[in-house]
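Every heavy atom of this structure was used, including side-chain atoms; hydrogens, water molecules and symmetry mates were not. Remember, it's a predicted structure, so these values are computed and weren't measured experimentally.
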Amino acid sequence: MKKQLSLVLILCGLLVLAACGNSTQVQSQQSADGADASSAPVAAPEGQRIHVSVGGRDFTATLEDNDATSALVALLADGAIGIDMRDYSGFEKVGDLPQALPADDAQTNTQPGDLVLYQGDQLVAFYGDHAWSYTRIGHIDNLDGWREALGSGDVTMVLSPAQ
């Protein structure tokens, strides 16, 4: 049942993205002779936002500027991703990402609304405070309803490019 719900949420997210068009652009640099020097995705500039849907509510998150968020933005360029998240210790939700992201862990004091990368392949969404070694991903812009949306049990979080 949970997998069917995840699939439905992902398909709905893809339909929305298809209707609105894909605004992620790939930029390349040209050398002096005009040859294409790079076709890598543009790094996530500080302040870039993504859409976060969880518990029937929609939020916007502002991303950090690092290799992990650049890889996440590149992953989202292919479409929305659904992450099945489980509660951990009464202050966070943890879920497996579809692929590992570059990690640059540092001791971090988290607060409600923080999104971090744990062990390179897990997204952690905080609704309480904690301190551990993480790679910062971003922060939910407006926490109104955040804790309620995460609820007390397992949830599916859908990440997509901001509109």
Can you measure from CG (D141) to CZ (R49) and round to the nearest 0.5 angstrom?
5.0 Å

Run the side chain to side chain contact (heavy atoms under 4.5 Å, CB included) check on I137 and L63 step by step: do they pass?
CA-CA 6 Å; I137 297 293; L63 299 178; 4.1 Å; yes

What about V54 and V94, same hydrophobic cluster or not, with Ile/Leu/Val/Met/Phe/Trp/Tyr joined at side-chain heavy-atom distances under 4.5 Å?
no

L159 and V52: which non-hydrogen atoms are nearest, and at how many Å?
CD2-CG2, 3.7 Å

Look at the aromatic rings of W146 and F59 and report parallel, tilted or perpendicular, splitting at 30° and 60°.
perpendicular

Just distance, no hydrogens or angles: give the donor-acceptor pairs under 3.5 Å from side chains in residues 128-135, sequence neighbours left out.
{"from": "T135", "atom 1": "OG1", "to": "D104", "atom 2": "N", "distance (Å)": "2.8"}
{"from": "T135", "atom 1": "OG1", "to": "D105", "atom 2": "N", "distance (Å)": "3.3"}
{"from": "T135", "atom 1": "OG1", "to": "D105", "atom 2": "OD1", "distance (Å)": "2.7"}

same_hphob_cluster(L123, I140) at 4.5 Å side-chain heavy-atom cutoff:
yes

So, using salt bridge (Lys or Arg N to Asp or Glu O under 4.0 Å) as the criterion, who are the partners of D87 when residues are at least two apart?
K93

Is it true that L72 and L115 fall in one hydrophobic cluster, defined by side-chain heavy atoms closer than 4.5 Å?
yes

Looking only at heavy atoms, the pair that brings A103 and G120 closest together is CB-CA, 4.2 Å

Looking at side-chain heavy atoms only, is the closest gap between Q48 and T69 below 4.5 Å?
no

According to a 4.5 Å side-chain heavy-atom criterion applied to Ile, Leu, Val, Met, Phe, Trp and Tyr, with indirect links allowed, do M157 and Y127 form part of one hydrophobic cluster?
yes

Going by distance alone, is a donor N or O of one side chain under 3.5 Å from an acceptor N or O of the other, for S70 and D67?
no

Is there a donor-acceptor pair under 3.5 Å between the side chain of R86 and the backbone N or O of D154?
no

Ignoring hydrogens, what is the shortest heavy-atom contact between A71 and P102? Give both atom names and the distance.
CB-CD, 3.5 Å

If I take atom CZ from residue R136 and atom CG from residue D65, how far apart are they, to the nearest 0.5 angstrom?
14.5 Å

Are L101 and Y118 co-members of a hydrophobic cluster defined by side-chain heavy atoms under 4.5 Å apart?
no

Whether over 12 other heavy atoms sit under 6.0 Å from F91 CZ
yes

Side chain of S53, backbone of V158: donor and acceptor closer than 3.5 Å?
no

Could you pull out the closest heavy-atom pair between P98 and L75, with the gap in Å?
CG-CD2, 3.9 Å

Could you check if a side-chain atom of L97 sits within less than 4.5 angstrom of a side-chain atom of L117, using non-hydrogen atoms only?
yes

To the nearest 0.5 Å, what is the distance between CG (D96) and CD1 (I83)?
9.0 Å

